[in-house]
There are 2 protein chains.
Amino acid sequence: MDKRELLLEAATKLFVERGLHATPTSAISKEAGVSAGILFHYFKTKDDLIDELYVSIKKEYTSSIMSDLDKIHSDLGKLRLIWSNSWNWAIDNDLKFKFLLQVDNTSCAERVKTHPEIIAKYELFHNLIQEYVDKELIKNMDAYFIMGSMFGLITSMVSYLTQFPDKRNDQLFIEQAWEVFSNSLRP
Amino acid sequence: MDKRELLLEAATKLFVERGLHATPTSAISKEAGVSAGILFHYFKTKDDLIDELYVSIKKEYTSSIMSDLDKIHSDLGKLRLIWSNSWNWAIDNDLKFKFLLQVDNTSCAERVKTHPEIIAKYELFHNLIQEYVDKELIKNMDAYFIMGSMFGLITSMVSYLTQFPDKRNDQLFIEQAWEVFSNSLRP
DNA sequence: TTTTTAAGTGACTAATCACTCAACAAAAGT
DNA sequence: ACTTTTGTTGAGTGATTAGTCACTTAAAAA
């Protein structure tokens, strides 16, 4: 078992449960079942661990929302796939998603948001949105604003589905939620 | 000058700048220009300070978004006022808003979300939304889902306006943003 | 085989932290 | 005037924490 990975997993769990400020490194290594010292072999400092964890989860998220797009050929179909990819990933990885929410609005996210690989993924997403704007499939506004609105709606949907898990398989609900989302972007 | 208030203000600033986990109580009292001990005269513990800060800001926010509603008589006008109240408050109080974002997704928000005064404000808001749903002014979905969508969109709009401040007075932008919002709720 | 490099341990430490407390100052009561 | 209550200080304390280090084990490289 990769101890680095064990540490990242343990950190995710504890950070979400207790918050960054209430999770000592000793608790992380204990939860991971490894020695206290090894954490500082893989990560220079605690902040370094937080940064790397944030980057790796952000990468995973941004990758997963763009997956299987090539299998869909209609334009709105692609948008709907991104939408469902997003909330599906968030629900399947709720600890990771909660960690993202917690750190996204934090100063330590600033340190990290410039990471080239993450910027690249966002550019990809941005270009796709811009394409839709150009094709007049969605409202003619700044693509970054539209991306933000998407994330805002997806985040609130995920929070709702976390609170009411039985809605996850409620096709009527899913369809209505999609309508809320797609109506908001309609030109 | 009320030292309790000075402490809360200093805490807001530092928590947003450095994060909860990197802000010692000593830094808070220093920033507030008061002695280290007085913090524990007004707040039992550091967590208590965080809780009280969160509650007071949340109260202020929930109050302000519902203000002046009685001056408006058309239904959609009221909804639009809530919408603009929200992002105006968030922009005028960006530190406080950032603090809310940071703590909202945290385990320590759980401790506090049950606060009766906050629940009361949300009930008020919830009832208004439910009224709109009943009048078929907005989509027939669970009012809590709709509230969540509203907050999601408002949050993303505020983030955007924080990044591009010159858009704040761009009437075309404001109007389009309102359309995004109101379209999303259209029945 | 021998040497070098990397992975891993856990007791240890220096620094930091949340929080206390004895002393004092200023109102507020009486 | 005197007493009580409340606000305020900052040095001090014990506990906790991030991070180190001397050392062990394992695996590559030479």
Side-chain angles (χ1 to χ4, degrees), chain A residues 1-57 95 98-99 102-103 106-112 115, chain B residues 1-57 95 98-99 102-103 106-112 115:
Chain A
M1 337 155 185
D2 182 0
K3 310 219 165 182
R4 202 188 116 100
E5 201 50 44
L6 287 174
L7 281 165
L8 288 174
E9 263 174 45
T12 310
K13 187 183 167 216
L14 294 180
F15 284 151
V16 169
E17 274 173 8
R18 316 183 186 179
L20 299 180
H21 75 293
T23 306
T25 55
S26 58
I28 297 172
S29 47
K30 196 174 174 187
E31 171 79 24
V34 298
S35 72
I38 199 66
L39 192 152
F40 297 93
H41 175 71
Y42 288 114
F43 309 98
K44 254 181 75 133
T45 63
K46 184 186 176 182
D47 277 342
D48 194 51
L49 161 68
I50 296 173
D51 288 356
E52 290 203 37
L53 184 57
Y54 179 75
V55 170
S56 85
I57 295 181
L95 277 181
K98 278 177 189 160
F99 177 77
Q102 198 173 126
V103 177
T106 290
S107 53
C108 87
E110 301 297 315
R111 287 203 296 275
V112 156
H115 198 283
Chain B
M1 337 154 186
D2 183 0
K3 310 217 167 184
R4 201 187 116 101
E5 202 50 45
L6 287 174
L7 282 166
L8 289 175
E9 262 174 45
T12 310
K13 188 184 167 216
L14 294 179
F15 285 152
V16 169
E17 275 174 8
R18 317 182 185 178
L20 300 179
H21 74 293
T23 305
T25 54
S26 58
I28 297 173
S29 47
K30 198 175 174 186
E31 171 78 25
V34 298
S35 72
I38 199 66
L39 192 151
F40 297 93
H41 174 72
Y42 289 113
F43 309 98
K44 255 181 75 135
T45 63
K46 184 185 176 183
D47 278 342
D48 194 51
L49 161 68
I50 296 173
D51 289 357
E52 290 204 37
L53 184 56
Y54 179 74
V55 171
S56 86
I57 295 182
L95 277 181
K98 279 177 188 159
F99 177 78
Q102 199 173 126
V103 177
T106 290
S107 53
C108 85
E110 300 299 316
R111 287 203 295 275
V112 156
H115 197 281

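Protein chains get the first letters and strands the later ones, always in sequence-line order, with residue 1 at the start of each.
Look at A/Lys3 and you'll find a side-chain N or O under 4.0 angstrom from OP1 or OP2 of C/dT9. Distances shown here put every side-chain N or O of B/Ser35 at or beyond 4.0 Å from the OP1 or OP2 atom of D/dG10.
Note that CG of B/Leu53 is 7.0 Å distant from CZ of B/Phe15, once rounded to the nearest 0.5 Å.
One interatomic measurement links the two molecules: CD1 of B/Ile38 to P of C/dC21, which rounds to 16 Å at whole-angstrom precision. Atom CG in B/Asp47 sits roughly 10 Å away from atom P in C/dA18 (whole-Å rounding). Between B/Asp2 atom CG and C/dA27 atom P there is a gap of 15 Å when expressed in whole angstrom units. Atom C1' of nucleotide C/dT20 and atom NZ of B/Lys46 are separated by 18 Å, given to the nearest angstrom. Note: CG (B/Leu7) to P (C/dC19) measures 14 Å, nearest angstrom. Taking atom CZ of A/Phe40 as the reference point, atom P of D/dC21 lies 13 Å away to the nearest angstrom. Between the NE2 atom of B/His41 and the P atom of D/dT6 there is a distance of 9 Å, given to the nearest Å. Atom P of nucleotide D/dA18 and atom CG of A/Leu20 are separated by 12 Å, given to the nearest angstrom.
Side chain of A/Thr45 to main chain of A/Asp48: a donor-acceptor pair is present (N/O by atom type, distance under 3.5 Å, no hydrogens or angles).
At a threshold of 4.0 angstrom between heavy atoms, the contacts of B/Tyr42 are confined to the sugar-phosphate backbone, with no base atom among them.
Side-chain atoms of A/Thr25 lie closest to D/dA18 of the nucleotides D/dT8, C/dA7, D/dA18.
The shortest non-hydrogen separation linking A/Gly19 to A/Gln102 is CA-OE1, 3.6 Å.
For the pair A/His21/B/Asp47, a side-chain contact is recorded, criterion being any heavy-atom separation below 4.5 Å from C-beta on.
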